[in-house]
Amino acid sequence: MIIFHIDVNSAYLSWTAVEQLKNGARTDIRTIPAIIGGDQKSRHGIVLAKSVPAKKYGIRTGEPVANAFRKCPNLHMEAPDHEMYHKHSRELMAFLRSYTPDIEQVSVDECYMDFTGISGRFASPVEAAFEIKDEVKKRFGFTVNIGISDVKVLAKMASDFEKPDRVHTLFRKEIQEKMWPLPISDLFMAGHSSVETLRKLEIQTIGDLAKADPKLIELHLKSHGRRLWEFANGMDESIVESEKAEAKGVGNSTTLSKDVSTKEDAQKVLLSLAQSVGGRLRKHGYHAGVVNVEIKYADFTVNSHQKQLERMTASDQVIYQIAVELFCEMWNGKPIRLLGIRTSKLSQEGEPQQLSLFDMNFHSSDNISEEVKSFENSQKHEKLDQALDEIRKKFGKDAVVRASFLKKPEKEEKM
């Protein structure tokens with residue numbers, strides 16, 4: 001299998017520059033210290049994208065605009081235009097699908113391409129990547145990086161190597177030379193909290209992690225640690241999923257009007273999302289076998305983590321509990337801009353769910369295992385959720401509200 005990861009270089013700023021040049025602008029903002037700034041009122045004026053010259057001043061994506069101007073007083077700033085970004089994104093994805101329909105778009109400016117099916121048309125994957133990269137630049141006026149590998153996570157890592165307008169390979173046979181010397185913070189999905197934990201274990205590089213005992217890593221970072229260890233060793237069984245999202249899963253996400261900085265506030269958002277996702281599953285008669293949680297931080301870095309469920313479910317409570325577990329495993333403590341919950345591996349309601357005898361430890365007293373009790377509790381949650389669905393359908397969505405969503409009464413001031 002050959003997989004490409006295609007990532008637009010500084011997408012928001014590049015797309016803004018392209019539009020300006022089309023309209024007669026004399027200066028390409030990619031060649032000067034420039035940023036795309038957030039909305040001053042709701043986003044506190046954060047840097048959404050930066051040019052290469054701006055990076056030389058130490059300006060970072062996600063920092064306050066005021067800080068950026070202190071570093072570079074002559075900095076040029078443009079307001080964001082998300083409608084325009086989506087237009088360029090649609091055009092790019094349509095072009096890439098002219099090569100193959102096996103495209104998995106993972107954000108507005110990046111996607112995976114399964115190159116395997118069209119490999120016979122080119123002398124090599126590298127030649128094909130250069131053709132795609134150069135054609136994007138010629139046709140649209142902006143540049144991309146393309147990472148090439150035999151697994152998705154390494155393709156993603158390769159596309160993050162030297163930028164812009166580059167093609168890099170990172171096959172599993174190349175990881176010792178190209179990836180293991182890199183600092184552990186460069187590993188995909190290694191957030192600040194995980195990196196600090198690993199450094200306390202004297203793990204400084206990706207190679208250090210790859211050679212470590214996975215049981216030790218899992219002891220300190222749970223299942224997320226195991227996943228990081230697998231990534232460090234080039235292990236990733238995920239495939240390029242080119243189906244429409246609606247056909248393979250049900251999910252919801254929300255961009256927050258104000259950054260969330262506490263676990264308690266994040267849990268309230270996750271509860272609301274779990275209710276939305278659970279309600280949609282029940283509405284369409286589905287049960288889910290996998291729950292995925294996504295976190296996008298204020299600096300626009302993204303982490304996601306998923307868990308295979310022991311029992312298929314459409315219960316708000318079960319989805320919420322799993323979502324909180326996943327959130328706690330990967331949150332690095334930084335302010336959160338977006339939270340999302342997605343369910344997948346769906347089955348139609350009514351399809352039999354098998355209880356494996358090998359998973360069941362029957363009690364001699366009543367012959368009812370903990371597995372069965374768990375299954376029955378899940379069913380009770382779903383019946384309650386269905387009853388609440390009917391109430392909301394009849395009297396409105398706010399007819400029944402979780403206690404955690406109610407505002408706490410203000411404390412009386414002591415005289």
Side-chain angles (χ1 to χ4, degrees), residues 5 7-17 27-82 85 106-110 142-145 147 156-166 168 182-199 204-206 255-261 294-304 330-339:
H5 181 265
D7 189 10
V8 180
N9 299 133
S10 193
Y12 289 0
L13 190 127
S14 294
W15 289 334
T16 301
T27 301
D28 185 339
I29 61 173
R30 291 170 292 188
T31 66
I32 63 173
I35 61 171
I36 303 298
D39 177 52
Q40 295 284 349
K41 293 182 179 179
S42 62
R43 299 309 314 156
H44 311 296
I46 63 172
V47 176
L48 302 179
K50 62 186 181 299
S51 66
V52 172
K55 185 178 180 180
K56 294 178 180 178
Y57 284 86
I59 294 171
R60 296 176 290 103
T61 301
E63 74 173 317
V65 165
N67 286 3
F69 274 98
R70 279 195 287 270
K71 294 175 180 177
C72 179
N74 295 323
L75 187 66
H76 180 86
M77 185 175 78
E78 293 287 342
D81 184 345
H82 293 282
Y85 303 152
V106 292
S107 71
V108 70
D109 62 344
E110 63 177 319
F142 56 85
T143 62
V144 298
N145 262 43
K156 167 68 175 174
M157 289 286 296
S159 71
D160 285 334
F161 289 165
E162 186 182 1
K163 297 180 178 182
D165 198 25
R166 300 297 180 95
H168 300 284
L182 299 176
I184 189 62
S185 56
D186 283 0
L187 182 62
F188 179 55
M189 289 191 65
H192 175 75
S193 178
S194 298
V195 169
E196 290 303 308
T197 299
L198 292 170
R199 284 175 176 164
Q204 303 294 334
T205 67
I206 298 176
T255 299
L256 307 166
S257 60
K258 184 179 180 181
D259 291 344
V260 164
S261 301
E294 177 186 8
I295 301 174
K296 179 182 286 186
Y297 295 102
D299 63 2
F300 288 83
T301 57
V302 179
N303 277 352
S304 66
M330 65 175 170
W331 183 40
N332 63 16
K334 291 184 178 180
I336 300 166
R337 176 183 174 84
L338 173 147
L339 281 170

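Heads up: numbering here begins at 1 and tracks the sequence.
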Residue list, salt bridge (charged side-chain N to carboxylate O under 4.0 Å, His left out) with [X], at least two apart or on another chain:
X      : answer
Arg70  : none
Asp160 : Lys163
Lys156 : Glu110

Residues that Phe161 engages under ring-ring contact (aromatic ring centres under 6.0 Å, His included), provided they are two or more places apart =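 Partners of Phe161 under the ring-ring contact (aromatic ring centres under 6.0 Å, His included) test: His168.
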Can you tell me how far the [atom1] atom of [X] sits from the [atom2] atom of [Y], to the nearest 0.5 Å?
X      : Y      : atom1 : atom2 : value
Phe188 : Asn303 : CZ    : CG    : 7.5 Å
Thr16  : Ile36  : OG1   : CD1   : 3.5 Å
Thr143 : Asp165 : OG1   : CG    : 5.0 Å
Lys296 : Leu256 : NZ    : CG    : 11.0 Å
Asn67  : Ile46  : CG    : CD1   : 12.0 Å

Heavy-atom closest pair, residues [X] and [Y]:
X      : Y      : answer
Ile206 : Pro183 : CG1-O, 3.7 Å
Tyr85  : Val108 : O-CG2, 4.1 Å
Pro164 : Asn9   : CB-OD1, 3.3 Å
Ala68  : Val47  : CB-CG2, 4.0 Å
Met330 : Tyr297 : O-OH, 3.5 Å
Cys72  : Pro33  : SG-CB, 3.9 Å

Which residues pass the side chain to side chain donor-acceptor pair (under 3.5 Å) test with [X], not counting sequence neighbours?
X      : value
Lys56  : none
Ser14  : none
Lys334 : none

Can you list every salt bridge (charged side-chain N to carboxylate O under 4.0 Å, His left out) pair that touches residues 28-37, not counting sequence neighbours?
->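 Listed once each, the pairs are Asp28-Arg30.
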List for me each residue that meets side-chain contact (heavy atoms from CB on, under 4.5 Å) alongside [X], sequence neighbours excluded, and say none if there are none.
X      : value
Thr61  : Lys50, Phe300
His76  : Ile29, Ile32, Ala34, Glu78
Asp109 : Asp7, Val8, Ala11, Trp15, Ser107
Ser194 : Leu221, His224, Leu228

Out of Thr301, Asp259, Val260, Ile295, which residue meets the side chain to side chain contact (heavy atoms under 4.5 Å, CB included) rule with Arg337?
-> Asp259
Sub-4.5 Å side-chain heavy-atom contact between [X] and [Y]:
X      : Y      : result
Leu182 : Leu187 : no
Val302 : Glu294 : yes
Arg199 : Ser185 : yes
Leu75  : Tyr57  : no

With no hydrogens and no angle check, is any side-chain donor or acceptor of Asn145 less than 3.5 Å from a backbone partner on Glu162?
-> yes
